[in-house]
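To start, the structure under review is shown below, and the notes come after it.
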Amino acid sequence: MHLYRITTLLIAITLLLSVLTANAQNNNGLSVEVWKQKVVRNINIAYKLDSNGRTKDRFSVDSAFFQPIFSQVLNGTIAAYGTDLPQFTRRLSLRELNDSDVSDRDQDSITIVDPITNEEKTIALRKGPDYANIHKIAILEEWSFYPYTGKTEIKVNGIAPVVDLYDEYGIFRGSQKMIWVRYDDVRNLIDKYDQDHQGNMIANLIWDDYFSRDITCKNNAQKNGNNSNEVWKEIIIRDIDLATKEDTNHHWIGAISVDSLLFERIINAMKAGKLQGYRSDDLGFSNKLSYKKLKPLPEYISDTTIYKSQSEKADTVIQHTYIDYTKFHKYKILEEWSFDPLAKETKVNILGIAPIYEIYRFGIEYIGSQTMFWLRYSDVQNMINNYRGQFYYNQHSWENSMPGTIWENYFFSDVKPKTLN
């Protein structure tokens with residue numbers, strides 16, 4: 001009997017722990033999951049030329065950025081790593097550095113006459129890198145995305161000088177990273193460079209490379225005077241498509257189709273008054289839009305069936321009206337990007353989403369598209385992520401889910417996001 005009670009107690013404790021664990025996962029697991037990706041971006045620090053071929057600023061490309069870094073690398077103050085993958089796994093010895101392009105990229109020779117023997121001798125001259133011609137740097141970043149909250153954090157972990165290679169005929173053959181150094185190890189040198197080169201700050205170049213625009217960022221230190229410690233911000237809009245990605249091959253296992261239920265749940269929630277929508281031109285979420293004020297949804301399709309009654313002479317027309325939710329798989333994503341110019345850290349916060357309706361003439365000829373309405377992302381994040389107690393995108397193909405598509409779009413889209421400023 002005593003053994004039975006102990007066994008019963010153990011079973012009860014086990015069940016209790018399993019319930020607590022399940023609740024912890026349901027309540028907290030969604031918000032703590034993070035997806036990570038390391039990326040490399042190449043940035044050109046050379047000054048841009050105007051229409052007359054002159055630099056827009058009075059500074060020219062000089063050795064002020066690379067020379068201090070190489071000097072401290074060669075004297076052992078800063079650790080340098082090989083360009084192997086993954087980065088920062090193989091630290092270079094001073095002997096390797098002395099034999100590398102860091103200390104001797106170019107060689108030249110001169111002929112001298114020995115004053116004693118009158119014999120001619122050829123002497124090789126060892127020259128250091130031509131710093132002025134190294135005007136590209138590779139930026140190693142780690143991107144962290146929290147799918148539940150729609151927040152992204154981007155941190156610069158390292159930089160690598162990049163040299164262009166030419167053959168003996170002067171034909172460009174490609175680019176090559178020279179060494180990797182950790183960003184934290186050279187942060188002071190970069191900050192000093194940015195202070196001395198307000199017209200060509202590394203911080204500006206990293207920040208501006210994220211976006212597609214014709215003018216420089218309004219929030220940069222050059223226009224804010226000495227306020228270089230301020231966080232810079234931009235509001236951008238990106239377009240994503242949840243539709244199944246095109247595949248020219250036919251597989252015996254079919255891909256999971258577009259998540260058409262997301263738009264259906266949004267419409268039903270708005271109709272029930274559980275979800276607040278905002279006007280399509282309202283990026284500040286101040287002009288509320290009720291379901292009744294929504295334009296008649298043009299996705300309604302009338303399916304007409306003619307039923308011939310035997311008792312009546314006239315035919316009976318039965319009309320069915322339904323919504324083809326699968327047509328709504330494109331969305332606009334409203335994001336706020338913020339950048340700490342000193343820490344070289346970027347944060348992206350999704351503010352809202354907007355369904356896009358594509359308009360066709362006679363159902364064939366594409367005319368254009370329109371934004372239907374805006375929703376706060378915080379209002380729909382549960383609907384997007386937490387469905388039936390677990391991540392909703394696990395019910396569908398990861399690549400067709402809202403979080404998966406947003407994450408993929410950062411790296412595989414050929415179009416940079418355009419700022420609204």
Next on the checklist: Could you measure the distance from the CE atom of Met402 to the CD1 atom of Ile350? Nearest 0.5 Å is fine.
Outcome noted: 8.5 Å
Checklist entry - Where is the tightest heavy-atom contact between Ile134 and Phe66, given as atom of each residue plus distance? => result O-CE1, 2.6 Å
Checklist entry - Is any side-chain heavy atom of Val162 closer than 4.5 Å to a side-chain heavy atom of Gln176? => result no
Next on the checklist: Counting C-beta onward and ignoring hydrogens, is there a side-chain heavy-atom pair between Val348 and Phe145 closer than 4.5 Å?
Outcome noted: no
Checklist entry - Do the side chains of His329 and Asp241 get nearer than 4.5 Å, heavy atoms only? => result yes
Checklist outcome for this item: From the list Ile236, Asp208, Ile235, side chain to side chain contact (heavy atoms under 4.5 Å, CB included) with Thr419 holds only for Ile236
Item to check | Salt-bridge contact Glu358-Lys330 (side-chain N to carboxylate O under 4.0 Å) | outcome: yes
Next on the checklist: Between Asp379 and Leu375 (side chain of the first, backbone of the second, donor and acceptor by atom type, cut-off under 3.5 Å), is there such a pair?
Outcome noted: no
Checklist entry - How about Thr152 and Ser144: do any of their side-chain heavy atoms sit closer than 4.5 Å? => result no
Checklist entry - Sub-3.5 Å donor-acceptor pair from the side chain of Arg265 to the main-chain atoms of Met383, do we have one? => result yes
Checklist entry - Is Lys347 salt-bridged to Asp340, going by a charged N under 4.0 Å from an acidic O? => result no
Checklist entry - Is there a donor-acceptor pair under 3.5 Å between the side chain of Asp194 and the backbone N or O of Ile202? => result yes
Next on the checklist: Rounded to the nearest 0.5 Å, what separates atom CZ in Phe339 from atom CD1 in Ile206?
Outcome noted: 5.0 Å
Next on the checklist: Val380 vs Leu275, test: side-chain contact (heavy atoms from CB on, under 4.5 Å). Steps then yes/no.
Outcome noted: CA-CA 8 Å; Val380 293; Leu275 181 62; 3.7 Å; yes
Checklist entry - Measuring from Ile43:CD1 to Asp209:CG, what's the distance to the nearest 0.5 Å? => result 5.0 Å
Item to check | Under 3.5 Å donor-acceptor, Thr89 side chain and Pro86 backbone | outcome: yes
Checklist entry - Is the shortest distance from a Lys or Arg side-chain nitrogen in Arg279 or Asp281 to a carboxylate oxygen in the other one below 4.0 Å? => result yes
Checklist entry - Yes or no on side-chain hydrogen bond (donor to acceptor under 3.5 Å, both in side chains) for Tyr148 and Asn382, after CA distance, side-chain angles and deciding distance? => result CA-CA 8 Å; Tyr148 179 72; Asn382 285 337; 2.2 Å; yes
Checklist entry - Quick one: are Val156 and Glu142 in side-chain contact, heavy atoms under 4.5 Å? => result no
Checklist entry - Does Arg173 make a cation-pi contact with Tyr166, if we ask for NZ or CZ under 6.0 Å from the ring centre and within 45° of the axis? => result no
Checklist entry - Do Leu351 and Asn349 pass the side-chain contact (heavy atoms from CB on, under 4.5 Å) test, and can you show the C-alpha distance, the side-chain angles, and the key distance before you say yes or no? => result CA-CA 6 Å; Leu351 304 177; Asn349 185 23; 3.8 Å; yes
Item to check | Minimum heavy-atom distance Ala138-Val40, with the two atoms named | outcome: CB-CG1, 3.8 Å
Next on the checklist: Taking the side chain as everything from C-beta on, heavy atoms only, tell me whether Asn188 gets closer than 4.5 Å to Val186.
Outcome noted: no
Checklist entry - Salt bridge between Lys38 and Glu141, side-chain N to carboxylate O under 4.0 Å? => result no
Item to check | Validation row: Leu189, Arg187 side chains within 4.5 angstrom (heavy atoms) | outcome: no
Checklist entry - Going by an N to O cut-off under 4.0 Å, is there a salt bridge joining Glu96 and Arg90? => result yes
Item to check | Centroid separation Phe328 to Tyr357 less than 6.0 Å | outcome: yes
Item to check | Pairwise distance OH(Tyr331) to OG1(Thr405) - rounded to 0.5 angstrom | outcome: 10.5 Å
Checklist entry - When you look at Lys332 and Thr371, which way does the side-chain hydrogen bond (donor to acceptor under 3.5 Å, both in side chains) test go after all the steps? => result CA-CA 8 Å; Lys332 288 187 179 296; Thr371 304; 4.7 Å; no
Next on the checklist: Nearest 0.5 Å, please: how far is CD1 in Ile333 from CG in Asp239?
Outcome noted: 8.5 Å
Item to check | Phe373/Met270 under side-chain contact (heavy atoms from CB on, under 4.5 Å): CA gap, chis, key distance, verdict | outcome: CA-CA 11 Å; Phe373 50 83; Met270 292 182 67; 3.5 Å; yes
Checklist entry - Given side chains that start at C-beta, do those of Gln37 and Trp407 come closer than 4.5 Å, heavy atoms only? => result yes
Next on the checklist: Apply side-chain contact (heavy atoms from CB on, under 4.5 Å) to residues Asp282 and Lys288 and explain how you reach the verdict.
Outcome noted: CA-CA 9 Å; Asp282 179 20; Lys288 294 182 179 180; over 6 Å; no
Checklist outcome for this item: Trp374 and Ser280 have their tightest heavy-atom pair at NE1-O, 3.1 Å
Item to check | Polar contact flag, side-chain donor to acceptor under 3.5 angstrom, Glu335-Trp337 | outcome: yes
Checklist entry - Which atom pair, heavy atoms only, marks the closest approach of Tyr183 to Leu342? => result OH-O, 2.8 Å
Next on the checklist: Distance alone, cut at 3.5 Å: any donor-acceptor contact between the side chains of Asn409 and Arg238?
Outcome noted: yes
Item to check | Atom pair CD1/CH2 of Ile406 and Trp35 - distance to nearest 0.5 Å | outcome: 9.0 Å
Checklist entry - Under 3.5 Å, side chain of Gln87 to main-chain N/O of Thr83, donor-acceptor pair present? => result no
Checklist entry - Could you walk me through whether Asn42 and Lys136 pass the side-chain hydrogen bond (donor to acceptor under 3.5 Å, both in side chains) check? => result CA-CA 7 Å; Asn42 291 319; Lys136 294 179 181 178; over 6 Å; no
Checklist entry - Do you know the tightest heavy-atom contact between Leu283 and Leu334? => result O-CD2, 3.7 Å
Checklist outcome for this item: Glu234 and Trp207 have their tightest heavy-atom pair at CG-CZ2, 3.5 Å
Checklist entry - Ion pair present between Lys155 and Glu345, side-chain N to carboxylate O less than 4.0 angstrom? => result yes
Item to check | Trp143/Phe411 aromatic ring centres below 6.0 Å | outcome: yes
